[in-house]
Each structure stands twice: as structure tokens, then as C-alpha cells.
Engineer: 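A single structure is presented below for examination.
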Amino acid sequence: MPVARPERQEPRVIAHVDMDCFYVQVEQRKNPDLRGVPTAVVQYNSWKGGGLIAVGYEARKFGVKRSMRGDEAKRVCPDLQLVQVPVARGKADLNLYRSAGSEVVAILSKKGKCERASIDEVYLDLTDTAKSMLLEAPPEGLDSIPEEALKSHVLGLGSDANKEEDVRKWLCRPDADYEEKLLACGAIIVAELRIRVLHETQFTCSAGIAHNKMLAKLASPMHKPAQQTVVPASSVPDLLASLPVKKMKQLGGKLGSSLQDDLGVNTVGDLLKFSEQKLQDYYGINTGTWLWKIARGISGDEVEDRLLPKSHGCGKTFPGPMTLKTTSSVKHWLNQLCEELSDRIQSDLDQNKRIAQTLTLHARAFKENDLEPQKKFPSKSCALRYGASKIQEDAMRLFESGLSEFLNSKNVGWGITSLAVGASKIIDIPNGTTSILKYFNEKCISSNSSDCSDALLEEPNHTVTSISKRDDENPKSRAPTESAFHTKGLSDKNANVKGTILRYFSGSSCSSSNQSSANKIDLEEHERTVIASELNSNPNPNNNWGFNIEEIDPSVVDELPLEIQREIRGWIHPSKRINTGKRGSTIAHYFSPARN
DNA sequence: ACGGGTTACACA
DNA sequence: TTGTGTAAC
């Protein structure tokens, strides 16, 4: 349920930018033959022609709609071009659209605070940019207003005869309020941004410009495609008065239905009749206040400064005859999903230096003779370890745990109709994070100076520093280099040392739950993950690096520098390792920074 | 046999 | 906190 946020007192300029039938545009850019012709994007062609997920504007004229089947759409529009979503590992692969969305974000984020709201939508907070413009180049002093800005639709600006001239007058009105002048600047800035997006990506978009996110979002689809709509504060009461509640974001589902059915509220204007107290009585304190405010066009939600998604997920449904009925088929599909997830979080790490900390598994299931069909398959999560095979292994364990809970030790047939895995709790790697590998290569690998996965290939450049940050300034705590091992006659064992250390540090073992946190080695979770990622970038480290990662020889620990030895011994030793079977009983789990 | 596949968020 | 439900595109 929605919640009201505290509002700023100063007026803001907020834009919501929405790509027009985005997937279709992406496909039309890829194949220009599709330009100007009725086009739709479908996934999975084999059953009834696939499901439509995006419909171009030419096709909409024929009555083609989302959530039609391909066959159906072809009936109403025989010339319709149906493009299939790429398939990888047996499932829809949306990466083409994700990266196209990133192109757009990269452009839009240059003009102000930018929040990626979805694969094809962003919010912009243009307040500061608009303020500067008003000071340095106010519209009323401008010789020419950009053509695209003149094409704006300004709510409450009656006529449509001399539209562009009226809009120009509105944008340049010398007697307007400060907040309306800011909004006019916002409209010009957004027009320029949209033109820039078109030039640099070939994509058109529509936008709403208003004083808050809710109104901007409401306005962006009002004139599509490739147009923008401005919402002056003065237009808001009339706008909302006749607006069906279901049109408001957050009221499109059950809450909106409840307003209609339980309170007889059909338009946002109808909401004005209810006191805040009354709405709170019905919907609780938070949602009640939220409703009271949105009825008046008030929304304090801030535009967050975030260009990247907060989580990654991938899933697939297995309807009807495709239902998964064996653990082996589940394992197969989980493996596919986990491979994709692994690729995506690895790219995120490589490109954005971000690490996902939690792995989650979702499924939908039924029992054959279900007396309680409402029982759902429980979601399960655990600490996320990098590397496709580790993710696969963990996801399968989560599934089995969920399945036994779901079946409740009853011996009945079951079926899985959907599977999904997700990676969440994504954090930035702090600047200066270094890899344990520096101990052996004298190559200081730092997240702010190079790609984590490529770091090994770099020339030596920095001096070796200590493993623990608190000793960074202390020359005596520097670790020995590879040559130091050589001089001690350790070269033949070095391989195993590496394997041992890396294995532990990458968090790929299990620990007992009573492992004391006093023994925690001074390595942050994300540092361990970087290392794990480095290991995983070498599928067969034995060939590439000259050591066997699977071989653990406790005796080599004797030969390590004392401080390392102490930490490793105090941390965990193979002989001490106990697999409790408890979910999430990994080293990563118990030593993650969050649970000190 | 389902709009599918993703995201984000509030609540308990 | 983990897990659940709602909502959006």
C-alpha cells in the first residue's frame, strides 16, 4: 500500500519521460525495414503466435492490442509484422532492450537528477537546472524557443487554434508566478533532451512536466507518441476532478477498486469529500494520508539519484503441459535461469562495480490432489556467491528446501508452473577495494582503477599493501610477493597456497553456525566477492594460473606469513568445517558485514 | 494454457 | 530480517 512522503516547501520541476512502444522502436532501429509499418513484438511464437508485449502506433490503428496473441493480432491486422523477442537458454532474453534503455538513461541523466523507473521510463528532477536557466537565460528573453518546446501541450491552456503561438506566450509569460516560470524552463529543457535522445538513439519518447512525480507520471502518456505535456499547478484541480481513480498510479489495482466499490469514489475529485481521518479509518494511517494528499495533487516522493536497477531477476513460466514434474527438469531450468542471472550480475560487477548479496528463489506450484489450493510455494533466499555453478547449486538447494516445506512431508504429485531467481541487496564496491591476489602477484588490483575481472592481466604498478585496511599505512605489514615465496623455497607449493587462500577468501566453503565472529578475518564481503569473481573468470584456473583450486593442503598454511597464518587459522580450518545443512550456512553468510 | 518477465515497494 | 503481497509496464 502506498505511503505519503514529506514534501519540500520549495517548488520542484519534475519530468517523467516514457519511451514510446519501446521494444518496437528497438526492433525498428535494428531492422529499418520495419519503420513506418505496423509492428508488434511477441515472445514465444509457437503457441497461438506468441504473446504481444509491445505494439507500434501504426498497428494500434488496426486495433492491435497488448495482451493479444500473435494469431489474434494477425487477424485484425494481416500486414502486421511480428518480431520475436530474442531467446537465449530457452527463455526470453531482454538484454537488447535493457541496453537500449541504458542508452537513453545516459543521455537524460546529464541534465539533472535522474531515476531509472523501469526499462523504458525515467524521472528527472530538473529543479536546479530550471532555476539556473531562469537566472541566466529566461524564456521571456530568448529570441527563439526550440520548436519541440512549442509543441508542448499545456494543460488548462484552452484554445487549440493558434496552438504554438499560445504555447510560446505561455512559456514566455513575464507575469507568471515563479513556479510557473520554473515549469516553463522545465518544458524547454525536456524538449531539448527529447530531441537529443532522438538524435543520439533514434528513439522517440513522451514526457510529462509537473511539480511532482505523480503529476508528471500522469501527464506523460496524455499525448503520445513523441510529445510532451505540461501540468501547471493551476490546472491540477480541474484535471483531478474528473479523473477516474484507476488512472492514478497505485490505484490501478485492488486499492482503486476498493475506493470505487467500498466508498463510491469514482474520480479523484470524489475523494475530496472524505476527511483525512475517514480515509485513515478505512485504509490505515499511511495510505489514508496518501489518498488525502493525492486527491489534492500533493506528492512528496523525491526523484532518486539512481541510474541502475536495484535488483536483477529472471524467470520463466511453464504453463499447462510444460509444467515441471521432476526435480531433474527443475534443475535443468534453474540452471538456465541461474546462468543468465550470473551473466547479468557479473556484467554489473564488471561495468558498475556493484555486488549483489542475496539470492532469492521463487516458484509457483500445485499439488495433484490439493485440498488447500491456496497454499503457495514459499520464496527462499540465501547469501549470494558469485559464479554460475555456485548460484545453480544454491538455487537448487533453495528449491528443495522450498519444495519440502510446500509438500509438508505429504507424498503427492506436484508440478511447478513458474520458476524465478533474483539477485538483490546490491551494493557499490567501496573505492580502493583490493584483491587478495596482490599477495601473490604484486599487482594491486583496485576497483577504482581497473575492471575487476581483467585486473590480473595488468602490469604490476602499485606496491603491495596489507590485507586489512587498518594496516594500510604500515610498511611492516606488507605481504610478501611471489618472489618472496620463491626465496623461501615455496615455489612448488605456491600453487596450492593460492588455491587454498583463494578458496577460503572467496567464501565458497561452509561454516558452522557457532563460528565466532571474533575470528572474522578483516575482509569485507564485497572483497571476497571480487575474488570469487576473479576465480570464476577462469573456468579452469589450473590451466591458466598454474594451481589447482580444488586441492586444499592445510600444511601450506605453515609457510604463510605469520599474520596471514594467524588470520586463516583463527578463521576456519578444513578440519573444523562443518556443514550444518542449515540454509545459508556459508562463510559468506556468517561473515557478511551486515551481521557482525 | 497463463499477458510473460521484470522491477519496486510496503507490510508483518 | 526474510518472506508475502500489490502494482506497474
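In what follows, chains are A, B, ... by sequence order, proteins preceding strands, each numbered from 1.
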Engineer: Once you round it to whole Å, what is the distance between C1' of dG3(B) and CD1 of Ile53(A)?
Structural biologist: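 It works out to 10 Å between those atoms.
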Engineer: Could you measure between the two C1' atoms, the one in dC9(C) and the one in dA1(B), and give it in whole Å?
Structural biologist: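 About 23 Å, rounded to a whole number of Å.
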Engineer: What is the nucleic acid contact for Pro321(A), judged by heavy atoms within less than 4.0 Å: base, sugar-phosphate only, or nothing?
Structural biologist: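 Since a base atom lies under 4.0 Å of Pro321(A), the category is base.
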Engineer: For DNA chain C, which residues in residues 309-319 of chain A have a heavy atom at a distance below 4.0 Å?
Structural biologist: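 Nothing qualifies; none.
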Engineer: Give one of base, sugar-phosphate or nothing for Gln250(A), where a contact means two heavy atoms less than 4.0 Å apart.
Structural biologist: sugar-phosphate
Engineer: What integer distance in Å separates Lys217(A):NZ from dT7(B):P?
Structural biologist: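 Those two atoms, NZ and P, are 16 Å apart.
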Engineer: On DNA chain B, compare the nucleotides closest to Asp93(A) and Arg66(A); which residue's is nearer the 5' end?
Structural biologist: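 Here Arg66(A) is the residue nearer the 5' end.
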Engineer: With rounding to whole Å, what would you report as the distance between dC9(B) and dT1(C) at their C1' atoms?
Structural biologist: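 It comes out at 16 Å once rounded to the nearest Å.
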Engineer: Side-chain N or O of Ser379(A) less than 4.0 angstrom from OP1 or OP2 on dT4(C)?
Structural biologist: yes
Engineer: Going by the rule side-chain hydrogen bond (donor to acceptor under 3.5 Å, both in side chains), which residues pair with Ser342(A) if we only count those two or more places apart in sequence or in a different chain?
Structural biologist: none
Engineer: Run the salt-bridge test on Lys278(A) and Asp281(A) with the 4.0 Å N-O cut-off and return the result as yes or no.
Structural biologist: no
Engineer: Think Arg306(A) has a side-chain N or O under 4.0 angstrom from the OP1 or OP2 of dA8(B)?
Structural biologist: yes
Engineer: Is Met248(A) touching bases, backbone alone, or none of the nucleic acid, heavy atoms closer than 4.0 Å?
Structural biologist: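 If one applies the 4.0 Å heavy-atom cut-off, Met248(A) turns out to touch the sugar-phosphate alone, with no base involved.
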Engineer: Name the closest nucleotide to the Val3(A) side chain, picking from dC9(B), dT2(C), dC11(B).
Structural biologist: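 For the Val3(A) side chain, the nearest candidate turns out to be dC11(B).
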Engineer: State plainly whether the residues Glu339(A) and Lys91(A) are in salt-bridge range, i.e. N to O under 4.0 Å.
Structural biologist: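 No.
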Engineer: OP1, OP2 of dT6(B) versus side-chain N and O of Lys91(A): anything below 4.0 Å?
Structural biologist: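 Checking Lys91(A) against dT6(B): at least one side-chain N or O falls below 4.0 Å of OP1 or OP2.
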Engineer: Does Lys48(A) put a side-chain nitrogen or oxygen below 4.0 Å from OP1 or OP2 of dG3(B)?
Structural biologist: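 Result: no.
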Engineer: For His153(A) and His223(A), take the angle between the two ring planes, folded into 0 to 90°, and tell me which bin it lands in: parallel under 30, tilted 30 to 60, perpendicular over 60.
Structural biologist: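 The arrangement is parallel - the two ring planes meet at less than 30°.
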Engineer: Look at the rings of Phe377(A) and Phe406(A) and say which category their plane angle falls in: under 30° parallel, 30 to 60° tilted, over 60° perpendicular.
Structural biologist: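 Taking Phe406(A) first and then Phe377(A), their aromatic rings sit tilted (interplane angle of 30° to 60°).
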Engineer: Once the angle between the rings of Tyr97(A) and Tyr23(A) is folded into 0 to 90°, is it parallel (under 30°), tilted (30 to 60°) or perpendicular (over 60°)?
Structural biologist: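 Rings of Tyr97(A) and Tyr23(A): parallel, under 30°.
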Engineer: Looking only at side-chain atoms of Leu255(A), point me to the closest of dT6(B), dT4(C), dA7(C).
Structural biologist: dA7(C)
Engineer: Does Ile119(A) reach a base, just sugar-phosphate, or nothing at all? Heavy atoms under 4.0 Å.
Structural biologist: nothing
Engineer: I need the NZ-C1' distance between Lys213(A) and dA8(B), as an integer number of Å.
Structural biologist: 10 Å
Engineer: In whole Å, what is the span from the NZ atom of Lys376(A) to the C1' atom of dG5(C)?
Structural biologist: 7 Å
Engineer: Ring of Tyr44(A), cation from Lys316(A) - is the NZ or CZ under 6.0 Å from the centre and inside 45° of the axis?
Structural biologist: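 Relative to the ring axis of Tyr44(A), which defines the angle, Lys316(A) lies inside both limits.
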Engineer: Is any side-chain N or O of Tyr44(A) closer than 4.0 Å to OP1 or OP2 of dG3(B)?
Structural biologist: no
Engineer: Using a 4.0 Å heavy-atom cut-off, does Lys425(A) contact any base of the nucleic acid, only the sugar-phosphate backbone, or nothing at all?
Structural biologist: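 Here Lys425(A) touches the backbone only, sparing every base.
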Engineer: Would you indicate, yes or no, if dG5(C) has its OP1 or OP2 atom less than 4.0 angstrom from a side-chain nitrogen or oxygen of Arg364(A)?
Structural biologist: no
Engineer: Tell me: CG of Leu337(A) to C1' of dG5(B), nearest whole Å?
Structural biologist: 11 Å
Engineer: Any side-chain N or O of Arg98(A) less than 4.0 Å from the OP1 or OP2 oxygen of dT6(B)?
Structural biologist: yes
Engineer: Suppose we screen for side-chain contact (heavy atoms from CB on, under 4.5 Å). Which residues come up paired with Ser418(A), at least two apart in sequence or across chains?
Structural biologist: Thr317(A), Arg364(A)
Engineer: Can you tell whether the side chains of Asp343(A) and Arg89(A) come within less than 4.0 Å, N to carboxylate O?
Structural biologist: yes
Engineer: Looking for any heavy atom pair under 4.0 Å, which part of the strands does Asp120(A) touch: base, sugar-phosphate only, or nothing?
Structural biologist: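 Sugar-phosphate, no base atom in range.
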Engineer: May I ask you to evaluate whether Thr360(A) reaches the phosphate of dG3(C), defined as a side-chain N or O under 4.0 Å from OP1 or OP2?
Structural biologist: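 False: Thr360(A) side-chain N/O out of range (4.0 Å or more) of dG3(C) OP1/OP2.
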Engineer: Tell me the interatomic distance from Leu307(A), atom CG, to dT7(B), atom C1', rounded to whole angstroms.
Structural biologist: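 Taking atom C1' of dT7(B) as the reference, CG of Leu307(A) is at 16 Å.
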Engineer: Just how far, in rounded Å, is P of dG5(C) from OH of Tyr283(A)?
Structural biologist: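 Result: 20 Å.
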Engineer: Take the protein atom CD of Glu121(A) and the nucleotide atom C1' of dA7(C), then report the distance between them rounded to whole Å.
Structural biologist: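 Computing the Glu121(A):CD to dA7(C):C1' distance gives 12 Å.
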